[in-house]
Amino acid sequence: MTRTPSDVSSSDADRTAGARPADARRALEEFDRGRAEGRDLEGLFKDLERDLGLDSGDDEDPGHAPDFPGVVGAMVEEFVWESERERPGSTAAFAGHLRAFAESKRDIGVFEELAAYDLVDFAARVTIQRDLLGDDTERGADAMLEGLRAFAVWADEAHDLGLWATFERAHAGLLRSLPRVASISRRLQRPVDVDWSPEHWVQTHADGRFVTVGGESYEIEVPRGVDHPNDEDWIVGRVRGRVFVPAAVLPPEAGRLR
């Protein structure tokens, strides 16, 4: 797990106990200044780990880099740490979701490149990677969306990113659609030969009961007791005979990703 000042309950807690909040804040501010100046990220991460007392000792390989999942991961950790300092326990429901989000976006090299598209991309695809939401998919979806909202608002306030301003409308739609489609998707089987790429997603029509594939209309076949998708949901699956068998249902907002 990433070693950061926010990880106060981890096995590193005894090593960070001596760091005063003011010292940690200065370390994060110095990291942020260096990032804004375009300094080398690996060097900044090493300096941040040292300043926060997370050095691993002389017997560790000196070439070992801190375990940050990219610049988005560093910003997520800064957000979590600041939030927990101000309101302990405030990120407990969604910190794990945000770290999964950061891991999925670790190829982003400059924080200013993070866009609403990336938040929609992560949120829409959790119905495919359904383990991210836990056993209670509706509650997990709500918690994840609250985490993305809080992080986007913080990014605007702390870094003037304009992220929430462009994500707010999609977020409102996802609040209505994501818990529903996540609940459906969790009850669907996963055939091994399904192509999950966006160009093979198909959108429902006719009260969510049909899709069109290759110019032909197919009725969607769902297991007994499973709700049908709604109109304009997106579906991943395959044609079998004269029906379309879904493997996952994505929210209407997933159309932004195609």
Side-chain angles (χ1 to χ4, degrees), residues 1-2 4 6-11 67 69 72-73 76-77 79-80 83-84 87-106 118-152 167 170-198 200-202 204 208-209 220-230 232-238 244-254 257:
M1 177 178 289
T2 301
T4 71
S6 65
D7 197 13
V8 295
S9 63
S10 72
S11 58
D67 186 23
V72 177
V76 163
E77 296 301 338
F79 161 69
V80 170
S83 300
E84 288 296 322
R87 292 180 296 128
S90 61
T91 69
F94 55 70
H97 297 306
L98 286 181
R99 288 177 176 128
F101 165 69
E103 177 64 30
S104 74
K105 303 301 175 183
R106 68 182 305 148
D118 299 299
L119 278 69
V120 174
D121 178 61
F122 177 74
R125 292 175 188 267
V126 297
T127 62
I128 295 175
Q129 298 174 300
R130 56 189 178 187
D131 290 344
L132 289 174
L133 297 180
D135 293 334
D136 188 340
T137 52
E138 294 189 24
R139 184 175 181 180
D142 286 338
M144 184 205 68
L145 289 172
E146 172 56 19
L148 293 179
R149 183 206 64 79
F151 177 66
F167 178 55
H171 181 269
L174 288 165
L175 281 175
R176 296 188 297 270
S177 62
L178 188 60
R180 173 182 56 81
V181 298
S183 180
I184 295 173
S185 293
R186 186 167 184 82
R187 302 181 67 185
L188 299 176
Q189 295 185 354
R190 299 298 177 97
V192 296
D193 56 346
V194 169
D195 190 327
W196 301 97
S197 53
H200 289 93
W201 300 351
V202 290
T204 62
R209 293 183 177 273
I220 300 167
E221 182 182 80
V222 297
R224 184 186 299 273
V226 176
D227 291 338
H228 267 275
N230 287 356
E232 300 184 348
D233 286 344
W234 292 88
I235 297 189
V236 189
R238 60 178 178 175
F244 188 87
V245 181
V249 181
L250 287 74
E253 291 74 20
L257 310 178

Subject >> For Arg99 against Val80, the heavy-atom pair lying closest together >> reply: NH2-CG1, 4.0 Å
Subject >> Shortest non-hydrogen contact from Ala254 toward Ala124 >> reply: CB-CB, 3.9 Å
Subject >> Student check: side-chain heavy atoms of Leu174 and Phe167 closer than 4.5 Å >> reply: yes
Original post:
Quick one: does Val236's side chain get under 4.5 Å of His200's, heavy atoms only?
Top reply: no
Original post:
What's the shortest heavy-atom distance between Glu221 and Pro246, and which atoms?
Top reply: O-CD, 3.0 Å
**OP:** Test Ile184 against Val226 for side chain to side chain contact (heavy atoms under 4.5 Å, CB included), laying out the working first.
**Re:** CA-CA 6 Å; Ile184 295 173; Val226 176; 3.9 Å; yes
Original post:
Rounded to the nearest 0.5 Å, what separation is found between the CD atom of Glu138 and the CG atom of Leu133?
Top reply: 10.5 Å
Original post:
If you look at every heavy atom in Leu188 and Ala248, which pair is closest and at what distance?
Top reply: CD1-N, 3.9 Å
Original post:
Do any N or O atoms from the side chain of Glu84 and from the backbone of Ser90 form a donor-acceptor pair under 3.5 angstrom?
Top reply: yes
**OP:** Using a 4.5 Å cut-off on heavy atoms from C-beta on, say whether the side chain of Phe101 contacts that of Val72.
**Re:** yes
**OP:** State, with a plain yes or no, whether a side-chain heavy atom of Leu148 is found less than 4.5 Å away from one of Phe94.
**Re:** no
Original post:
Counting N and O atoms only, with roles assigned by atom type, does the side chain of Ser185 sit under 3.5 Å from a partner on the main chain of Val249, one being a donor and the other an acceptor?
Top reply: yes
**OP:** Examine distances only and state if a side-chain atom of His228 and a backbone atom of Val222 form a donor-acceptor pair shorter than 3.5 Å.
**Re:** no
**OP:** Working to the nearest 0.5 Å, report the span between CZ of Arg125 and OG of Ser104.
**Re:** 9.5 Å
Original post:
Hey, does the side chain of Ser83 reach the backbone of Phe79 with a donor-acceptor pair shorter than 3.5 angstrom?
Top reply: yes
Subject >> Check: Leu175 and Arg149 side chains under 4.5 Å, non-hydrogen atoms >> reply: no
Subject >> Worked verdict on Arg186 versus Asp135 for side chain to side chain contact (heavy atoms under 4.5 Å, CB included) >> reply: CA-CA 9 Å; Arg186 186 167 184 82; Asp135 293 334; 3.0 Å; yes
Original post:
What distance do Ile235 atom CD1 and Leu250 atom CG have between them, rounded to the nearest 0.5 Å?
Top reply: 9.5 Å
Subject >> Which atom of Pro229 lies closest to which atom of Thr204, heavy atoms considered >> reply: CB-CG2, 4.1 Å
Original post:
If you round to the nearest 0.5 Å, how far is OG1 of Thr137 from CG of Leu132?
Top reply: 12.5 Å
**OP:** For residues Leu178 and Val126, determine if any side-chain heavy atom of one lies less than 4.5 Å from a side-chain heavy atom of the other.
**Re:** yes
Original post:
Taking the side chain as C-beta and beyond, is there a heavy-atom pair between Phe244 and Val202 under 4.5 Å?
Top reply: yes
**OP:** Indicate yes or no for a side-chain donor-acceptor contact from Trp201 to the backbone of Trp196 under 3.5 Å, with no hydrogens or angles considered.
**Re:** yes
Subject >> Arg187 side chain vs Gly225 backbone, donor-acceptor pair below 3.5 Å >> reply: yes
Original post:
Do Arg180 and Asp227 meet the salt-bridge criterion of a basic N to acidic O distance under 4.0 Å?
Top reply: no
**OP:** Using a cut-off of 6.0 Å, state whether more than 12 heavy atoms not belonging to Glu232 lie near its atom CD.
**Re:** no
**OP:** Output the distance between atom CG (Leu257) and atom CZ (Phe122), rounded to the nearest 0.5 Å.
**Re:** 13.0 Å
Original post:
Mind checking whether Arg238 and Asp193 have side chains closer than 4.5 Å, heavy atoms only?
Top reply: yes
**OP:** Given side chain to side chain contact (heavy atoms under 4.5 Å, CB included), test Ile220 with Arg209 step by step and report yes or no.
**Re:** CA-CA 5 Å; Ile220 300 167; Arg209 293 183 177 273; 5.7 Å; no
